[in-house]
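Structure, as structure tokens:
Reminder, nothing fancy here: chain letters follow the sequence lines and each chain counts from 1. If you're wondering where the values come from, they're calculated on a predicted model, not measured in any experiment.
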4 protein chains.
Amino acid sequence: MARGINKVILVGNLGNDPDVKYTQGGMAVTRISLATTSVRKDRDGNTQERTEWHRVVFFGKLGEIAGEYLRKGSQVYVEGSIRYDKYTGQDGVEKYSTDIIADEMQMLGGRGGGEGGGGGSYERSPRPQRQESAPRPQSAPSRQPAPADDFSDDDIPF
Amino acid sequence: MARGINKVILVGNLGNDPDVKYTQGGMAVTRISLATTSVRKDRDGNTQERTEWHRVVFFGKLGEIAGEYLRKGSQVYVEGSIRYDKYTGQDGVEKYSTDIIADEMQMLGGRGGGEGGGGGSYERSPRPQRQESAPRPQSAPSRQPAPADDFSDDDIPF
Amino acid sequence: MARGINKVILVGNLGNDPDVKYTQGGMAVTRISLATTSVRKDRDGNTQERTEWHRVVFFGKLGEIAGEYLRKGSQVYVEGSIRYDKYTGQDGVEKYSTDIIADEMQMLGGRGGGEGGGGGSYERSPRPQRQESAPRPQSAPSRQPAPADDFSDDDIPF
Amino acid sequence: MARGINKVILVGNLGNDPDVKYTQGGMAVTRISLATTSVRKDRDGNTQERTEWHRVVFFGKLGEIAGEYLRKGSQVYVEGSIRYDKYTGQDGVEKYSTDIIADEMQMLGGRGGGEGGGGGSYERSPRPQRQESAPRPQSAPSRQPAPADDFSDDDIPF
DNA sequence: TTTT
DNA sequence: TTTT
């Protein structure tokens, strides 16, 4: 449960190769710098461009895939959320940073700038539940008021 | 892995109470009819309205929550994807239907029209992996090139 | 002013070249068929694919650009809204259709599948304000290959 | 034309009443602070909350509407883009800020927290085309409480 | 600083 | 009907 929606959708190109690090626990933390450019005409009719550089972070399996397949120049679709952080720099001054925490990624263009090329979409892996054994979901009612006749006993369909 | 993005974001009101059914396996399949209205001025300056009625489907845990908390008139945020189906009606004629398969929902407005009221956001539960035992993720490299110094050993953070 | 949000975001590939028609008033109405594919593992661990074919419609200037630059196989980002229509077929039977009305488009991949290639983003032009004499858009070709028979001479519809 | 997609979708509650200022040219520049809260379970099964405070900016007509109808506590849907700015503070130190530039807004919940209540959606007005004499917008109040000192007399910025 |  |  949460309260509110915080969703970001980006399509842009990487300004550099991804930066991949690992936590002590072995989780990948991959960062990219992603450019999106918008264009408008100013009041004198001149075309003006402005580029935003987004700091995008991928965790876990998604971070490994990003680190492996993305390269400087790659075009990529990213979906995630905004996170604002405040920290104290080495100079003792309070600083602020903004990151996009990715939870879905799709390489675009067939060969985005890297050699591996190829498009493909990946989702952030669900956090593994920490539990002794996987109990049967308690949410399923013991008695069904009415069958959903157009779905078999499979799990959630497409 | 997938190829393409198919994403729908809706904010609207329910035209009726949810319709909850269950598969033989006990999975909830809840359907709602969601109205979104757009307004424009026609060439004569008159205001014209048009309402789309979306058929939204919630599966599993999300379907149970939708069935429990949503009511006719409730305002809700839904995120999901479009699914087109083709089937043969009882009259032998081919028919087409379009559904929005929800994977996130948030009740809006503090008391959307039902008594339970209250807002809150819910995500579609991840499909449980079917496996003998949960093996340690092979994706974690045996050796880490560099520690991600700003994340502890926790799982994926906020 | 409106009531509700009806938003669709697609990234996919064209199954065919665009179909461009013009209203009697000279407005372009361009249709494409856009594929998005999702993949999941079924309960037996087998990979299953499912492709949705979206009918996307571009009006006006955006329709002209889509018709000019998109080609079969092109990868494209589309943003728009869902519209459901009900009509009576030639056989007297009521039918339903679902279209995505585009209001933003971006060609992806650096060379979308056509020769013109190159990416770029375009927005639906605002509806021209009613004015003394509506000059014929200069971008409309002097000869229309085919009338868009299902749209009157109005400006961009809902 | 542009290159890239930079899209943000937020649903949240205002932490304070809107701050409305006007440029010397009479354009409203309204700022709100919008909270979105996410919840997760940490590895010990405890519920953890994290709230992001988004700085959202509305320009022009949209800014006037936001200033008029939104209030502390109001729930609102906002669509826009992210803009990162870098500036030198009064202390001579370089600082960074992140804003969400809104181009669509919808009040939620039937009575957003203010008296006017009611939901409704508004889009950013298209930039007026350069014209002989730019008439002063009639919607701008005859007296501006405070100048929006960080925007010149230009129209809606990036 | 909001909200539940 | 696309794409990988």
Side-chain angles (χ1 to χ4, degrees), chain A residues 1-6 65 69 77 84 86 106-112 116-122, chain B residues 1-6 65 69 75 77 84 86 106-112 114 116-122, chain C residues 10-19 31-39 47 49-56 70-78 107-109 111-114, chain D residues 10-19 31-39 47 49-56 70-78 107-109 111-114:
Chain A
M1 225 246 305
R3 185 99 193 139
I5 298 294
N6 172 0
I65 295 168
Y69 292 107
Y77 169 97
Y84 308 97
K86 179 178 167 182
Q106 171 137 185
M107 292 169 280
L108 303 173
R111 46 51 310 194
S121 169
Y122 304 88
Chain B
M1 228 248 303
R3 185 104 192 134
I5 298 294
N6 172 0
I65 295 168
Y69 292 107
Q75 189 179 33
Y77 169 97
Y84 308 99
K86 180 178 167 181
Q106 170 137 185
M107 293 170 279
L108 303 172
R111 46 55 308 195
S121 169
Y122 303 88
Chain C
L10 303 174
V11 174
N13 295 84
L14 278 76
N16 283 299
D17 283 351
D19 170 45
R31 294 170 187 279
I32 65 170
S33 194
L34 195 65
T36 60
T37 301
S38 57
V39 181
T47 294
E49 285 204 355
R50 183 183 159 105
T51 296
E52 306 302 330
W53 286 99
H54 308 268
R55 296 170 30 143
V56 181
L70 298 180
R71 288 293 172 268
K72 177 176 179 172
S74 295
Q75 190 181 34
V76 70
Y77 169 97
V78 169
M107 292 170 280
L108 302 173
R111 59 24 335 181
Chain D
L10 303 174
V11 174
N13 295 83
L14 277 77
N16 282 299
D17 282 352
D19 169 45
R31 294 170 186 280
I32 64 170
S33 194
L34 195 66
T36 59
T37 299
S38 57
V39 181
T47 294
E49 285 205 355
R50 183 184 160 104
T51 296
E52 307 300 332
W53 285 99
H54 308 269
R55 297 169 30 142
V56 181
L70 298 180
R71 287 295 171 267
K72 177 175 178 173
S74 296
Q75 189 180 36
V76 69
Y77 169 97
V78 169
M107 290 169 283
L108 302 173
R111 52 51 305 199

* Structure fact -> Separation of dT2(E) atom C1' from R31(D) atom CZ, nearest Å, is 19 Å
* Asked: Between dT1(F), dT2(E), dT2(F), which nucleotide gets closest to the side-chain atoms of T51(C)?
  -> dT2(F)
* To do: Could you check how far CH2 of W53(D) sits from C1' of dT1(E), rounded to whole Å?
  => 4 Å
* Between atom OH in Y77(C) and atom C1' in dT2(F), what is the gap in whole Å? -> 20 Å
* To do: For the side chain of A35(D), starting at C-beta, report the closest nucleotide among dT4(F), dT2(E), dT2(F).
  => dT2(E)
* Rounded to whole angstroms, how far apart are NE2 on H54(D) and P on dT2(E)? -> 16 Å
* Which nucleotide sits closest to the side chain of N13(C): dT3(F), dT1(E), dT4(E)? -> dT3(F)
* To do: Identify whether any heavy atom of T36(D) sits under 4.0 Å from a base atom; if not, whether one sits that close to sugar-phosphate; answer base, sugar-phosphate or nothing.
  => nothing
* Structure fact -> For Q106(B) and G4(A) the tightest heavy-atom approach is OE1-N, 2.8 Å
* E52(C) side chain vs T37(C) backbone, donor-acceptor pair below 3.5 Å -> no
* Structure fact -> Rounded to whole Å, CD of E49(C) lies from P of dT4(F) at a distance of 12 Å
* Hey, is the side chain of T37(C) pairing donor to acceptor with the base of dT3(F) inside 3.5 Å? -> no
* Asked: Any idea which of dT1(E), dT1(F), dT3(E) is nearest the N16(D) side chain?
  -> dT1(E)
* To do: Check the distance between dT2(E)'s P and L70(D)'s CG and give it to me in whole angstrom.
  => 16 Å
* Verify whether one side chain among H54(C) and T36(C) offers a donor that lies under 3.5 Å from an acceptor in the other. => yes
* **Between C1' of dT2(F) and CG of L108(C), the distance in whole Å** => 14 Å
* Asked: In whole angstrom, what separates Q106(B)'s CD from dT4(E)'s P?
  -> 12 Å
* Asked: Is any side-chain heavy atom of L70(C) less than 4.5 Å from a side-chain heavy atom of V76(C)?
  -> yes
* Chi angles and distances behind the side-chain contact (heavy atoms from CB on, under 4.5 Å) call for L10(C), Y77(C) -> CA-CA 6 Å; L10(C) 303 174; Y77(C) 169 97; over 6 Å; no
